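Got a structure for you, written out below as structure tokens; questions coming shortly.
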Amino acid sequence: MVDLIPSSDTVMQMLKRTGAFREGHFVYPNGKHSPYYFQMPLAFRYYDTARVLAVGLSRKFRVDRDISSQLPKVSIISPSSGGIPVAFGVRDALSAEQIYWAEQEGDKRRFRQYINKGEVNPCIMVDDIIRSGHAIEETDALVKELGAPVIGCGAIVRFTAAPDRLGAVPIRSLVEFDAQMYDEGEDCSDCKKDVPVEHVRF
Ligand SMILES: [Zn+2]
């Protein structure tokens, strides 16, 4: 089963079952309203679910000849802590040689110290969810500073409002989701119905 790429519907069912996909009236940190919220680590707390999701995503990379021909001399890179379990799962499935993850320090995203230019293999960047694309774009800049090319990019879920390419590299995902982000009031149907809001963190 884990050798197949699960369908978007199957993935959404898994996310719903684990509590990672939630429906309500949410206000995001940027002030946007949405009837949907994803808390992806809730799906990754179950090892079997984590494995199916990561293996599914890994297969989207393996079918790319450009990527598969460079294995195992590839690094899997997570832009954030949420992407770390995805990175380990994808690494495992592809037998890639390296893993790196960036962290947010104050308002700056960075890798740990003492990673030197030239040490980083060609990169596949993976995250649990791509909402705006800022995290992968910032991490792309960090990777370029280290002199490594990005050969793949993907996430379990990508919001359709986010970019679908990172430069020349297509962004692959198991689910493409329209999060229906609205400014307060006017366009938000839950605001019109006076549904109480729930403030969420990223
Ligand atoms: Zn609203």
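Only a predicted model underlies this, so the values are computations on that prediction, with no experimental measurement involved. Note that ligands are numbered from 1 as they come in the structure, with each ligand's atoms numbered from 1 the same way.
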Open item on the list: Please list all pairs meeting side chain to side chain donor-acceptor pair (under 3.5 Å) that have one or both residues in residues 134-154, counting only residues at least two apart or in different chains.
Closed with: R109-E138, S132-H134, D140-K144
Open item on the list: Taking 2.8 Å as the limit, list every protein N, O or S atom around the Zn ion (ligand 1), by chain and residue number.
Closed with: H25 NE2, H33 ND1, C188 SG, C191 SG
Open item on the list: Show me the pairs that pass ring pair (Phe, Tyr, Trp, His ring centres under 6.0 Å) and involve residues 166-199, at least two apart or across chains.
Closed with: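 Non-adjacent pairs meeting ring pair (Phe, Tyr, Trp, His ring centres under 6.0 Å): F21-F177, Y36-F177, F38-F177.
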Open item on the list: Using every non-hydrogen atom in the two residues, find where A93 and S58 come nearest and quote the distance to one decimal.
Closed with: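 Nearest pair, atom of A93 first, then S58: CB-OG, 3.2 Å.
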Task: D127 side chain near S80 side chain, heavy-atom distance below 4.5 Å - done: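 Yes, close enough: below the 4.5 Å cut-off.
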- [ ] Identify, with sequence neighbours excluded, every residue that meets side chain to side chain contact (heavy atoms under 4.5 Å, CB included) alongside K73.
- [x] E97, N121
- [ ] Could you give me the CA-CA distance, side-chain angles and deciding distance for Q98 and I76, then say whether side-chain contact (heavy atoms from CB on, under 4.5 Å) is met?
- [x] CA-CA 6 Å; Q98 299 179 328; I76 312 295; over 6 Å; no
